[in-house]
Asker: 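The structure that follows is given in the form of structure tokens.
Computed from a predicted structure; not experimentally measured. Computed from heavy atoms alone, side chains included, the values below leave out hydrogens, waters and symmetry copies.
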Amino acid sequence: MKTSFSDFGPEQTKLSQGPLYDRYQLNKDYVMRLTNANLLRSFYLEAGLWSYSGNGGTTTASSTSMEGPERWHWGWESVTCELRGHFMGHWLSAAARIYAQTKDIEMKAKADTIVAELAKCQQVNGGGWLAAFPETFMQRLVSGKWVWAPHYTIHKLLMGLFDMYKLASNEQALSIMKGMAVWFDRWTGSLTQEQLDELLDMETGGMLEVWADLYGVTGEETHRRLMMRYVRWRLFNRLLAGEDVLTNKHANTQIPEILGAARVYEVTGDERFRRIVEAFWECAVTMRGYVATGAGDDGELWMPAEGMASRLGAGQEHCCNYNMMRLAHVLLRWTGNAEYADYWERRFVNGVLAHQHGETGMISYFLGVGPGSRKVWGSETQHFWCCHGTLVQANSAYESEIYMRDEAGVVITQWIPSTLSFEQDGTTVGIEIVQDGQFGLYPLNKWSVTGMKAITEVNKPSIPASRPDRFLYRVTVTCGMETEFSLKLRIPWWVSGAASIFVNGELQKASPVGPGFYELNRRWSSKDTIVVELPKRLMAEPLPGAPEMVAFVDGPVVLAGLTEEGHLLIGDASKPETLLVPDRERNHSWWNAGYYRTNGQSSNIRFVPLYEIKDEAYTVYFTVTPIEKTPNTNDRP
């Protein structure tokens with residue numbers, strides 16, 4: 001299968017010190033802090049090993065059972081919850097990716113120990129079945145009796161095991177997967193096609209993706225057969241026919257299934273599955289549209305394309321947010337189309353960052369954009385919603401989209417301060433690319449030494465009088481010896497006017513005037529510096545189907561008004577700078593990106609980035625009415 005872009009290994013990209021790195025570290029510390037016994041409790045109980053006494057110094061149930069129930073995992077991980085065990089897979093995926101980036105041996109040892117304990121549980125269960133709940137849950141599915149998402153839960157476990165194999169070189173994790181494949185091959189083999197179709201209509205999770213992952217590694221016919229049994233043709237055929245089969249359906253049911261179809265295409269080359277993925281994107285994103293954060297779902301259901309104004313309730317779900325980012329990344333690899341990187345950025349800034357509490361690191365299940373929305377935060381051990389799992393995954397994978405390869409060289413797809421180390425194809429020359437941001441989203445309103453020097457050293461360049469109207473990034477390319485390759489720079493969707501690109505101080509000709517990729521083809525020396533200036537402006541984005549309702553966006557940042565109710569704004573939405581004016585734009589050694597307040601309105605409302613909101617009530621969408629249409633109460637008869 002030919003692709004336009006390919007991924008670098010996770011170990012090749014390092015986040016730079018700063019607020020994003022701090023958020024990553026906050027998540028890493030939490031992943032390490034959760035105890036083995038709490039993670040494994042339901043698996044031990046199901047295998048009858050809670051009183052099991054291991055050896056070799058490994059963490060076992062008996063060796064940690066002194067921990068009090070107040071620290072056990074409750075909520076959706078409680079031993080009385082049917083969804084118990086789902087978080088284990090997310091945890092393994094996060095641990096594997098963190099290890100792959102950092103080579104943290106403690107993280108590796110902890111994750112390897114947990115995989116070994118899971119293998120013991122599987123062995124006691126007969127060598128095939130492994131879950132935190134009994135096999136009878138699967139029989140209930142077949143009989144049509146409701147049970148809470150066993151396929152979903154097992155998919156997460158298999159996903160985590162595969163990531164441990166792929167990213168952390170744990171062969172035992174792959175062996176566990178193979179054992180589970182034997183069980184599922186036997187179980188699905190006993191069902192008719194009609195039973196399989198009914199089963200998949202009831203609940204499938206992302207089983208198609210993990211069986212495709214397994215088949216991609218083994219190439220075994222039994223694994224290919226198992227993969228194909230999980231193809232949900234009832235959904236896929238209707239997507240191929242161009243039907244809207246998503247509106248009012250559970251959004252995070254279909255997205256994992258489509259990720260599965262994408263993986264089937266990648267391991268088989270069958271073009272039908274690529275067309276399925278493309279048809280889904282057309283239905284879910286292109287034709288439907290989305291709110292300013294990138295979401296087409298509210299309260300877990302796909303909203304109708306022209307009816308979003310009446311659906312601004314609970315808000316977007318973090319699971320949907322993360323999985324749509326994964327799908328955008330797949331399509332970016334396949335096509336090289338910058339629109340998918342733009343979508344990923346919108347979801348990252350106004351989803352991953354906005355769903356996570358910047359101080360505690362915890363998750364908000366939903367993220368509303370309607371009047372008087374509030375974020376409801378989960379806790380470390382008491383909730384374990386599904387989104388709690390995608391929290392630890394999303395916040396361990398910042399590096400995954402920053403840099404990619406193409407046939408000519410390197411592509412910077414996201415403007416995130418970081419370092420890439422690699423060797424150009426066909427050479428052994430070590431190359432390092434470092435990017436940092438001076439004005440812009442980063443450093444997310446945090447004090448820095450650089451900022452402190454700027455306000456104390458008189459020989460530094462003068463500070464602009466007002467908040468800059470552009471984001472500025474510096475990229476440094478260092479080569480062991482002169483090397484020729486292409487460097488593509490993403491010019492994002494929110495750019496306002498022509499971007500300015502300087503190489504070693506020289507303005508490049510034909511600077512880009514719109515979004516897409518700008519390509520620099522040159523022979524890079526031992527050290528070259530690129531400066532990228534991306535002009536931006538305040539924008540008012542209309543809500544699909546309700547153009548009078550707008551969200552204010554500053555560059556890639558969705559703004560939230562600090563108000564408990566909706567407000568009517570009077571003025572011209574095409575000139576949002578007349579409705580909102582800069583507010584509290586400077587704070588000590590940094591610029592406050594995205595701080596505004598209303599101008600000439602009946603209510604004085606402050607606006608801040610959505611990702612900064614913690615416990616305040618807020619509103620994202622406001623109705624804007626032109627002055628001439630404003631009702632005049634003095635004209636009453």
Asker: So T619 and I605, do their side chains get closer than 4.5 Å, heavy atoms only?
Answerer: no

Asker: Any luck finding a side-chain donor-acceptor pair between T247 and R288 under 3.5 Å?
Answerer: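 A donor-acceptor contact under 3.5 Å links the two side chains.
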
Asker: Verify side-chain hydrogen bond (donor to acceptor under 3.5 Å, both in side chains) between R326 and Y322, making sure each step is shown before the conclusion.
Answerer: CA-CA 6 Å; R326 290 186 63 212; Y322 174 63; 4.7 Å; no

Asker: Sort out for me which residue in H318, Q316, K375 forms a side chain to side chain donor-acceptor pair (under 3.5 Å) with H355.
Answerer: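 Single side chain to side chain donor-acceptor pair (under 3.5 Å) partner of H355 among H318, Q316, K375: Q316.
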
Asker: Please list all pairs passing the side-chain hydrogen bond (donor to acceptor under 3.5 Å, both in side chains) test where one or both residues lie in residues 512-521, with sequence neighbours left out.
Answerer: S486-E519, E519-N521

Asker: Is W281 close to I258 at the side-chain level, that is, under 4.5 Å between some pair of heavy atoms?
Answerer: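 Side-chain contact under 4.5 Å: no.
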
Asker: Do D7 and R333 have side chains that get closer than 4.5 Å, going by heavy atoms?
Answerer: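 D7 vs R333: side chains touch.
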
Asker: With heavy-atom distances below 4.5 Å as the criterion, would you say the side chains of M159 and E209 are in contact?
Answerer: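 With C-beta onward as the side chain, the pair stays apart.
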
Asker: At what distance, to the nearest 0.5 angstrom, does CG of N252 lie from SG of C387?
Answerer: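 Going from CG on N252 over to SG on C387, the span is 8.0 Å.
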
Asker: Could you report the tightest heavy-atom contact between A498 and P535, atom names first, then the distance?
Answerer: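 Closest heavy-atom pair between A498 and P535: O-CG, 3.4 Å.
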
Asker: Is R347 reaching over with its side chain to a backbone N or O of V352, donor-acceptor style, under 3.5 angstrom?
Answerer: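 Here the side-chain-to-backbone pair does not exist.
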
Asker: Would you mind checking if R97 and D163 are paired as a salt bridge, meaning a charged N to carboxylate O distance below 4.0 Å?
Answerer: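 Answer for the salt bridge query: no.
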
Asker: If you round to the nearest 0.5 Å, how far is CG of D436 from CG of L472?
Answerer: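 These two atoms lie 8.5 Å from each other.
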
Asker: Hey, mind stepping through Y290 and W302 against ring-ring contact (aromatic ring centres under 6.0 Å, His included) and telling me if it holds?
Answerer: CA-CA 10 Å; Y290 42 76; W302 291 110; over 10 Å; no

Asker: Report the relative orientation of the aromatic rings in Y152 and H86; use parallel for angles under 30°, tilted for 30 to 60°, perpendicular for over 60°.
Answerer: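 Answer is tilted, since the angle falls between 30° and 60°.
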
Asker: Go through F607 and F622 one step at a time and tell me if the ring-ring contact (aromatic ring centres under 6.0 Å, His included) criterion holds.
Answerer: CA-CA 12 Å; F607 284 76; F622 293 80; 5.3 Å; yes

Asker: Looking at every non-hydrogen atom in both residues, tell me the closest pair between V550 and A573 and how far apart they are.
Answerer: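 The answer is CG1-CB, 4.3 Å.
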
Asker: Between R467 and Y596, is NZ or CZ placed under 6.0 angstrom from the six-membered ring centre and within 45° of the ring axis?
Answerer: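 So R467 does make the cation-pi contact.
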
Asker: Can you say whether the rings of Y230 and H151 are parallel (under 30°), tilted (30 to 60°) or perpendicular (over 60°)?
Answerer: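 Perpendicular, since the angle between the ring planes exceeds 60°.
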
Asker: Can any side-chain N or O of E300 pair as donor or acceptor with the backbone N or O of D298 at less than 3.5 Å?
Answerer: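 Pair absent, no side-chain N/O of E300 close to backbone of D298.
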
Asker: Check the angle between the aromatic planes of F384 and H388 and answer parallel, tilted or perpendicular using the 30° and 60° thresholds.
Answerer: parallel

Asker: For residues Y215 and T268, determine if any side-chain heavy atom of one lies less than 4.5 Å from a side-chain heavy atom of the other.
Answerer: yes

Asker: Keeping E317 on the side-chain end and Y365 on the backbone end, is there a donor-acceptor pair under 3.5 Å?
Answerer: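 Side chain of E317 to backbone of Y365: no pair is present.
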
Asker: Please check this pair: side chain of D406 against backbone of V411, looking for a donor-acceptor N/O pair closer than 3.5 Å.
Answerer: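 Looks like no, no N/O pair under 3.5 Å.
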
Asker: Does R238 come within less than 4.0 Å of E243, counting only side-chain N to carboxylate O?
Answerer: yes

Asker: Dump the intermediate steps for side chain to side chain contact (heavy atoms under 4.5 Å, CB included) on I363 and H383, then the final yes or no.
Answerer: CA-CA 10 Å; I363 189 71; H383 294 90; over 6 Å; no

Asker: Would you please say whether a donor-acceptor pair under 3.5 Å links the side chains of S418 and Y403?
Answerer: yes

Asker: Determine the minimum heavy-atom distance between W494 and P556, stating which atoms define it.
Answerer: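 Heavy atoms of W494 and P556 come nearest at NE1-CB, 3.5 Å.
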
Asker: Go through E541 and R346 one step at a time and tell me if the salt bridge (charged side-chain N to carboxylate O under 4.0 Å, His left out) criterion holds.
Answerer: CA-CA 13 Å; E541 284 197 3; R346 191 186 282 263; 3.1 Å; yes

Asker: Keeping Y621 on the side-chain end and A292 on the backbone end, is there a donor-acceptor pair under 3.5 Å?
Answerer: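 Flag set: sc Y621 to bb A292 pair under 3.5 Å.
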
Asker: Should the pair F87 and H90 be assigned to parallel (<30°), tilted (30 to 60°) or perpendicular (>60°) ring geometry?
Answerer: tilted

Asker: State, to 0.1 Å, how close Q254 and L235 come at their nearest heavy-atom pair, and which atoms those are.
Answerer: CG-CD2, 4.0 Å

Asker: Verify, without hydrogens or angle tests, whether E612 (side chain) and P609 (backbone) share a donor-acceptor contact under 3.5 angstrom.
Answerer: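 Not a single qualifying donor-acceptor pair exists.
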
Asker: Are P10 and L167 side-chain neighbours, meaning at least one heavy-atom pair lies under 4.5 Å?
Answerer: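 Answer yes - side chains close enough.
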
Asker: Counting distance only, does the side-chain N/O of Q414 pair as donor-acceptor with the main-chain N or O of A341 below 3.5 Å?
Answerer: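 The answer is yes, because a donor-acceptor pair under 3.5 Å joins these two groups.
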
Asker: Got more than 12 heavy atoms from elsewhere within 6.0 Å of NZ, K614?
Answerer: yes

Asker: Answer yes or no: is there a donor N or O on one side and an acceptor on the other, between the side chain of Y343 and the main chain of G294, under 3.5 Å?
Answerer: yes

Asker: For a side chain to side chain contact (heavy atoms under 4.5 Å, CB included) check, start with the C-alpha distance between F8 and L420, then their side-chain angles and the critical distance, and finish with the verdict.
Answerer: CA-CA 9 Å; F8 285 100; L420 171 71; 3.8 Å; yes

Asker: Do NZ/NE/NH1/NH2 and the carboxylate oxygens of E278 and R275 come within less than 4.0 Å?
Answerer: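 A salt bridge is absent here (no side-chain N lies under 4.0 Å from a carboxylate O).
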
Asker: Using modelled atom types only, decide if a donor and an acceptor are shared between the side chain of W415 and the backbone of R490 within a distance under 3.5 Å.
Answerer: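 The answer is yes, because a donor-acceptor pair under 3.5 Å joins these two groups.
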
Asker: Does E306 have any side chain to side chain contact (heavy atoms under 4.5 Å, CB included) partners at least two apart in sequence or in another chain, and if so, which?
Answerer: none

Asker: Where do F471 and K536 come nearest, in terms of heavy atoms and distance?
Answerer: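 Heavy atoms of F471 and K536 come nearest at CE2-CE, 3.0 Å.
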
Asker: Looking at E407, I want to see if its CD is surrounded by more than 12 non-hydrogen atoms of other residues, nucleotides or ligands under 6.0 Å.
Answerer: no

Asker: Between OG of S364 and CZ of R374, what distance do you get to the nearest 0.5 Å?
Answerer: 12.5 Å

Asker: Find out whether L353 and L20 are in side-chain contact, i.e. whether some heavy atom of one side chain is under 4.5 Å from a heavy atom of the other.
Answerer: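 They are in side-chain contact.
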
Asker: For residues E432 and S421, report the shortest heavy-atom separation together with the two atoms involved.
Answerer: OE2-OG, 4.0 Å

Asker: Nearest 0.5 Å, please: how far is CD in E257 from CD1 in I276?
Answerer: 11.0 Å

Asker: Any chance the rings of Y340 and W334 have centres within less than 6.0 Å?
Answerer: no

Asker: Taking it one step at a time, do L610 and V620 satisfy side chain to side chain contact (heavy atoms under 4.5 Å, CB included)?
Answerer: CA-CA 8 Å; L610 181 58; V620 170; 4.3 Å; yes

Asker: Calculate, to the nearest 0.5 Å, the distance between atoms CG and SG belonging to L391 and C386 respectively.
Answerer: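 It comes to 11.5 Å.
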
Asker: Output the distance between atom OH (Y21) and atom OH (Y24), rounded to the nearest 0.5 Å.
Answerer: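 Reported value, rounded in 0.5 Å steps: 8.0 Å.
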
Asker: Just wondering, do D270 and V264 contact through their side chains at under 4.5 Å, heavy atoms?
Answerer: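 No, side chains not in contact.
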
Asker: How are the rings of F236 and F273 set to each other: parallel, tilted or perpendicular (split at 30° and 60°)?
Answerer: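 Perpendicular: the ring planes of F236 and F273 meet at over 60°.
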
Asker: Where the side chain of E266 meets the backbone of A212, is there a donor-acceptor pair that is under 3.5 Å apart?
Answerer: no

Asker: For side chain to side chain contact (heavy atoms under 4.5 Å, CB included), just list the numbers for F485 and V477, CA-CA rounded to whole Å, side-chain angles, deciding distance to a tenth of an Å, and then say yes or no.
Answerer: CA-CA 11 Å; F485 63 91; V477 181; 4.0 Å; yes

